[in-house]
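Following: one structure in structure tokens, then a few remarks.
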Amino acid sequence: MATTSPSAALHHQFLESPRENGTNDVETEIVDVEESLPNLSSFMENKEENNEEDQKFTTNKRYMPLLLINYVLLFVGSFSSSLMSKYYFIHGGANKWVSTLVQCLGFPILLFPIFVPVVLKYTKRKPFEGFSKKMFLSTVLVGIMLGFNNLLISWGVAYLPVSTSSLLLSSQLVFTLILSSLIVKQKITFTNLNCVILITVTSIILALDSSHEKPAGLTDKEYYIGFTCTIAAGFLFALYLPVMEKIYRKVNCYQMVMEMQLIMEIVATVLATIGMACDGGFSDMKKEAESVFDKGTAAYWVTILSTVVTWQCTFMGTAGMVFLTSSLTGGICSTALLSINVLGGVVVYKDHFGGYKAVSTVLCIWGFCSYVFGMYIKTKKKKIVRKNSSSTGSSTELIPRNSDGI
């Protein structure tokens, strides 16, 4: 009968009881690590997906196209809406509630870019997903403020030349800088302060030269009402910008910006509609189209529709600029475009354009160019920092849009 050698028995015991030698523990740990790798991979994919969705980052591939689109919307809308609003008043339109209503009545246009991507399955995000009660309430309150701002702008355009009202609105930059520093902690630097001072001086020069510019048949009282309403509209607009920037800090996609703009404009439309109903504006609107507007009924409704579309472009472009850059940058871009509106008023409506207004326009453009140069220098420095971080092997994080001033 064969006997088992001590070495064979020891080898058999090693194979039967691997735990006693620690081998199974090592294998178990390896299995655990392998099982955890898919979760780690999933985490990294989710992180990359979240970064990709956050369109406020300058390294996002959609950032620059969105920025250009919104600036075009702001440029076209600002230039066209001021001319169309003035056209309405020049040719017999006198209902300020109508002028107020058309500024926010274009909200149905936003339904297409909000819902069409969902229908075409271009995005997995559902409309209004991520809206909290606090965010919704904030949006509604801003919509009320926007409604009053629209009314003040209507009074200003009704009583002032396009060139005068446009340059007066540039006073909002001072308010924007102050309110931005208080609400969103905007840094006040030499570049942005220089820009604000230069553009604000345009309003002071204009005020010194505006006493003889009243349209024919306009009383001093009406002129100064328009002057005051325009300044007040500038203040409300300046408040609107940093408030929206603070709200947008919790938003990471442009689609939600459009949804918030939709809510704000619906609220502003309701406010304007109530005002028109109480003041008999709807009956006056029909009478105005049929017998008051000197270009005819068809031209009246084309003017109204065109003004609705151009104002929608203006507000959406402004909202996009604030979301992608900052409230101060959005305000400066809007104000710089006012100089284009001045030239448009002079060319189209033959507004007076003397030496004072010429100097004001030059200062406005000068201030804007100095700010753009400051943005360029800051962006260049950020690229150098990213490049140095990459060369040293450091982790390069996505750099957000400028929110700390220029």
Side-chain angles (χ1 to χ4, degrees), residues 53-56 62-63 65-78 80-81 84-85 97-151 153 240 243-244 247-248 250-277 282 285 301-324 330:
E53 289 177 355
D54 198 332
Q55 296 165 358
K56 293 193 297 293
R62 296 181 181 179
Y63 178 85
L66 281 175
L67 188 64
L68 293 176
I69 290 172
N70 280 276
Y71 195 79
V72 169
L73 287 174
L74 181 58
F75 175 84
V76 174
S78 178
S80 303
S81 61
M84 294 306 301
S85 296
W97 284 111
V98 172
S99 181
T100 302
L101 183 63
V102 296
Q103 294 180 53
C104 50
L105 194 60
F107 68 86
I109 298 175
L110 294 175
L111 295 175
F112 293 96
I114 290 175
F115 288 97
V116 169
V118 179
V119 174
L120 298 179
K121 297 182 179 180
Y122 181 75
T123 178
K124 295 180 180 180
R125 181 183 176 277
K126 297 180 180 179
F128 301 98
E129 186 178 40
F131 264 82
S132 63
K133 291 182 179 180
K134 183 179 180 180
M135 185 178 293
F136 178 79
L137 180 60
S138 300
T139 305
V140 171
L141 293 176
V142 173
I144 295 174
M145 182 175 65
L146 188 63
F148 282 106
N149 179 72
N150 294 344
L151 179 61
I153 290 177
Y240 160 82
V243 168
M244 288 312 302
I247 296 175
Y248 287 156
K250 299 180 180 179
V251 176
N252 69 344
C253 65
Y254 188 73
Q255 189 177 11
M256 185 175 287
V257 175
M258 292 189 291
E259 293 161 359
M260 297 177 72
Q261 192 66 27
L262 176 67
I263 296 173
M264 286 187 288
E265 292 184 15
I266 290 176
V267 173
T269 300
V270 171
L271 184 65
T273 303
I274 294 174
M276 283 190 67
F282 289 104
M285 188 178 185
W301 292 113
V302 170
T303 301
I304 295 297
L305 180 60
S306 300
T307 310
V308 167
V309 174
T310 54
W311 271 113
Q312 180 57 57
C313 291
T314 303
F315 282 117
M316 196 61 245
T318 303
M321 290 296 293
V322 174
F323 170 69
L324 295 168

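Because the structure is predicted, anything quoted here is derived from the model rather than measured.
Distance check: I109 CD1 to L262 CG gives 11.5 Å after rounding to the nearest 0.5 Å. Interatomic distance, OG1 of T273 versus CD1 of I266, reported as 11.5 Å (0.5 Å rounding). One distance of note links CG of L68 with CG of L324; it measures 10.0 Å at 0.5 Å rounding.
Among all heavy-atom pairs drawn from M260 and F131, the shortest one is CG-CZ, 3.4 Å. Nearest heavy-atom pair across V118 and P127 is CG2-CD, 3.6 Å. Here the closest heavy-atom approach between residue G330 and residue M321 is recorded as CA-CB, 4.2 Å. Of all the heavy atoms in V102 and W311, the pair that sits closest is O-CB, 4.0 Å. Heavy-atom minimum distance, L110 versus M258: CD1-O, 3.8 Å.
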Q: Starting from the C-alpha separation in whole Å, work towards a yes-or-no answer on salt bridge (charged side-chain N to carboxylate O under 4.0 Å, His left out) for K124 and E129.
A: CA-CA 10 Å; K124 295 180 180 180; E129 186 178 40; over 6 Å; no
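Classified by interplanar angle (parallel below 30°, tilted 30° to 60°, perpendicular above 60°), the ring pair F323/Y254 is tilted.
No donor-acceptor pair closer than 3.5 Å links the side chain of N149 to the backbone N or O of M145. Not one N or O on the side chain of Q261 forms a donor-acceptor pair closer than 3.5 Å with the backbone of A319. Side-chain atoms of T123 do not come within 3.5 Å of backbone N or O of P117 as any donor-acceptor pair.
Side-chain contact, E265 with Q103: no donor N or O sits under 3.5 Å from an acceptor N or O.
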